[in-house]
Amino acid sequence: RSCKLKLIRKFIFHYKNVRWARGRHETYLCFVVKRRTGPDSLSFDFGHLRNRSGCHVERKKLTHSLLLPILSPSLLFLRHLGALCPGLWGSSVDGARLCYSVTWFCSWSPCSKCAQQLAHFLLQTPNLRLRIFVSRLYFCDEEDSQEREGLRQLKRAGVQISVMTYKDYFYCWQTFVARRKRSFKAWDDLHQNSVRLVRKLNRILQPCETEDLRDGFTLLGL
DNA sequence: ATTTTCAAT
């Protein structure tokens with residue numbers, strides 16, 4: 001029971017979409033894996049991950065920039081992808097590959113390195129569809145930040161990136177935290193913060209759309 | 001007005 005309380009506290013602390021997220025030196029990733037079978041998809045697996053800093057020996061040898069992507073939840077997820085999505089890489093009897101659809105709810109948006117590796121991976125795995133909901137944007141204040149570019153890269157790789165809104169927190173609460181035990185109560189400014197972050201993400205991804213538009217124009221010979 | 005960030009001590 002106290003374990004459950006701890007989980008609730010952790011969820012609220014790490015997923016709170018506050019403007020100045022002091023002390024959130026961890027990142028959590030809640031995921032849902034669905035196998036797509038025609039028009040409807042079946043829920044296959046779900047769970048959550050946290051970035052791990054388990055390799056203390058390597059820590060001293062690796063630089064921060066090298067270590068970070070290895071231990072991030074998103075790459076931790078990729079490590080377990082084979083187990084989470086059986087048959088993802090295999091070919092089935094009728095030649096068609098199994099299709100999976102994965103949804104993430106991350107407390108921080110991915111760093112540029114992770115985004116880059118993820119995008120690279122996804123372009124090679126067209127039978128995996130990824131949707132990412134983020135609670136807060138990681139290092140996205142600078143106009144020319146690598147993290148902003150990383151998010152655009154993900155979008156170009158077909159990832160649907162969105163900011164978490166009330167319904168997403170509600171869903172996470174019900175699915176990963178307190179299954180129907182107690183109802184989700186929004187914190188102050190949840191909606192306001194979410195609206196601000198939605199606008200910010202839209203501004204970040206905008207150049208991506210104008211680029212696509214330009215590509216479309218050149219294709220049309222305009 | 002200003003504050004922070006997948007830590008490093």
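In what follows, chains are A, B, ... by sequence order, proteins preceding strands, each numbered from 1.
- Rounded to an integer number of Å, the gap from CH2 of W108(A) to P of dC6(B) is 7 Å.
- In this structure, E26(A) places its CD atom 10 Å from C1' of dA7(B), rounding to the nearest Å.
- Between dT5(B) and dT9(B), the distance separating the two P atoms is 15 Å to the nearest Å.
- Clustering ILVMFWY residues whenever any of their side-chain heavy atoms sit less than 4.5 angstrom apart, transitively, puts L205(A) in a cluster other than the one holding F133(A).
- OP1 or OP2 of dT5(B) lies within a sub-4.0 Å distance of a side-chain N or O belonging to H25(A).
- Straight-line distance from the CZ atom of F13(A) to the P atom of dC6(B): 11 Å, rounded to whole Å.
- No contact: S145(A) has no heavy atom under 4.0 Å from any strand.
- Of the candidates dT3(B), dA7(B), dT5(B), dT3(B) carries the atom nearest the W20(A) side chain, counting heavy atoms from C-beta on.
- Put simply, OH on Y138(A) is 11 Å from C1' on dT4(B), counting in whole angstrom units.
- Rounded to an integer number of Å, the gap from R19(A) CZ to dT3(B) P is 10 Å.
- Separating the CG atom of D141(A) from the P atom of dT3(B) is a distance of 11 Å, rounded to the nearest angstrom.
- F184(A) and W187(A) have perpendicular rings, their planes meeting at more than 60° on a 0 to 90° scale where under 30° would count as parallel.
- Ring orientation note: the planes of F31(A) and F77(A) are nearly perpendicular, at an angle over 60° on the 30°/60° scale.
- One can place CZ of R24(A) at 15 Å from P of dA7(B), the figure rounded to the nearest angstrom.
- Rounded to an integer number of Å, the gap from CZ of F105(A) to P of dC6(B) is 22 Å.
- Distance alone, capped at 3.5 Å, is enough to place a donor-acceptor pair between the N127(A) side chain and the L88(A) backbone.
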